[in-house]
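For reference, the structure discussed in these notes is given below.
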Amino acid sequence: MWQLLADYLPHCTALLNAAATGVLAAGLIKIRQGNPRGHKKMMLTALGISAAFLVLYLLHKVALYQTTGEPNTRFPTDPEVAPLAARYTYYAILGTHLLLAIAVPFLALRAVYLAMKGRIVAHKKLVRYAFPVWMYVSVTGVLVYLMLYQLYPA
């Protein structure tokens, strides 16, 4: 069972990241159209998708550790598999993705809290920064997946 999870969860988490990206974009469109109810639905959906992502991502780490003894899949170091430029690009994307991904749950939950309490001015101030960070993390999550599992599989 651990092997099955180790093999297939990256595909599921990438789909969740892609879905979160789409729902985040839809939430932005809704609020710009003056539709706060639609915006709320989209943003709470994005939060739910991101929560499901986090659970499956952590489960993947456990499954990988159970099957390989390592919690991460390594990017190939053989230049015939992945050029050096690809490796540098991958690590640059991964580094910024990981640093910002740590902040997303805190930013997103705070933004939801402020909106639910009706503190819209504070909510808008926060999401001016939180939204682009969350979107960046969602998009780069898909890029990391593509580079690690599709373009340059080990």
Side-chain angles (χ1 to χ4, degrees), residues 1-2 4-75 87-152:
M1 176 174 111
W2 288 119
L4 187 70
L5 292 172
D7 291 342
Y8 290 101
L9 281 177
H11 311 299
C12 295
T13 57
L15 282 172
L16 289 172
N17 258 329
T21 301
V23 174
L24 284 169
L28 179 63
I29 291 167
K30 294 286 185 193
I31 201 62
R32 288 202 172 151
Q33 290 174 338
N35 182 353
R37 274 192 182 183
H39 171 73
K40 179 180 177 180
K41 287 179 184 177
M42 292 298 107
M43 299 315 286
L44 290 176
T45 300
L47 189 64
I49 290 169
S50 293
F53 162 83
L54 183 57
V55 169
L56 293 181
Y57 174 82
L58 294 173
L59 182 59
H60 177 250
K61 296 298 171 193
V62 171
L64 213 51
Y65 187 78
Q66 292 294 324
T67 57
T68 67
E70 295 278 334
N72 295 305
T73 302
R74 296 185 185 272
F75 194 79
R87 192 165 71 199
Y88 287 148
T89 302
Y90 170 79
Y91 283 117
I93 293 169
L94 180 65
T96 58
H97 171 81
L98 288 174
L99 288 173
L100 293 172
I102 293 166
V104 167
F106 301 103
L107 293 170
L109 290 173
R110 179 71 176 162
V112 168
Y113 172 80
L114 291 171
M116 294 294 200
K117 291 294 182 181
R119 297 175 54 195
I120 302 305
V121 172
H123 172 78
K124 285 181 179 181
K125 277 185 181 179
L126 176 62
V127 300
R128 179 175 291 142
Y129 304 100
F131 180 84
V133 168
W134 193 356
M135 183 64 86
Y136 178 85
V137 167
S138 294
V139 170
T140 57
V142 175
L143 291 176
V144 165
Y145 162 79
L146 289 172
M147 290 186 79
L148 192 59
Y149 293 98
Q150 301 302 319
L151 297 174
Y152 307 106

Look at atom OH of Tyr57 and say whether more than 12 heavy atoms of other residues, nucleotides or ligands are closer to it than 6.0 Å.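 Atom OH in Tyr57 is not crowded, with 12 or fewer foreign heavy atoms closer than 6.0 Å.
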
So does Tyr91 have more than 12 non-hydrogen atoms from other groups sitting under 6.0 Å from OH?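 Correct, the count exceeds 12.
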
Let me see the working for Asn72 and Lys61 under side chain to side chain contact (heavy atoms under 4.5 Å, CB included), right down to the final yes or no. CA-CA 7 Å; Asn72 295 305; Lys61 296 298 171 193; 2.6 Å; yes

Step-by-step side chain to side chain contact (heavy atoms under 4.5 Å, CB included) determination, Ser50 to Val104: CA-CA 9 Å; Ser50 293; Val104 167; 5.7 Å; no

What's the separation between atom [atom1] in [X] and atom [atom2] in [Y], rounded to the nearest 0.5 Å?
X	Y	atom1	atom2	value
Leu59	Leu54	CG	CG	11.0 Å
Leu56	Asn17	CG	CG	11.0 Å
Leu94	Met147	CG	CE	10.0 Å
Leu47	Leu24	CG	CG	9.5 Å

Without placing hydrogens or testing angles, list every side-chain donor-acceptor pair under 3.5 Å for residues 6-16, not counting sequence neighbours.
from	atom 1	to	atom 2	distance (Å)
Asp7	OD1	Gln3	NE2	2.9
Asp7	OD2	Gln3	NE2	3.4
His11	ND1	Tyr145	OH	2.6
His11	NE2	Asp7	O	3.4
Thr13	OG1	Leu9	O	3.2
Thr13	OG1	Pro10	O	3.0

Is [Y] close to [X] at the side-chain level, that is, under 4.5 Å between some pair of heavy atoms?
X	Y	result
Tyr113	Arg110	yes
Tyr149	Thr73	yes
Ile29	Asn35	no
Arg119	Leu126	no
His123	Lys117	no

Just to verify, which of Met43, Arg37, Met42 counts as forming a side chain to side chain contact (heavy atoms under 4.5 Å, CB included) with His39?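 Option passing the side chain to side chain contact (heavy atoms under 4.5 Å, CB included) with His39: Met43.
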
Over all atoms of both residues, closest heavy-atom pair of [X] and [Y]:
X	Y	value
Ile49	Ala19	CD1-CB, 4.1 Å
Ala63	Leu5	CB-CB, 3.7 Å
Pro71	Leu64	O-CD2, 3.5 Å
Pro36	Gly34	CD-O, 3.1 Å

Go through it in stages, so that I can follow the logic: the residues are Tyr90 and Leu146, the test is side chain to side chain contact (heavy atoms under 4.5 Å, CB included), and I'd like the CA-CA distance, side-chain angles, deciding distance and then a yes or no. CA-CA 10 Å; Tyr90 170 79; Leu146 289 172; over 6 Å; no

Please identify each residue that fulfils side-chain contact (heavy atoms from CB on, under 4.5 Å) with Tyr136, with sequence neighbours left out.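 Scan of Tyr136 (side-chain contact (heavy atoms from CB on, under 4.5 Å), adjacent residues dropped) gives Thr96, Leu100, Thr140.
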
Test Trp134 against Leu107 for side chain to side chain contact (heavy atoms under 4.5 Å, CB included), laying out the working first. CA-CA 8 Å; Trp134 193 356; Leu107 293 170; over 6 Å; no

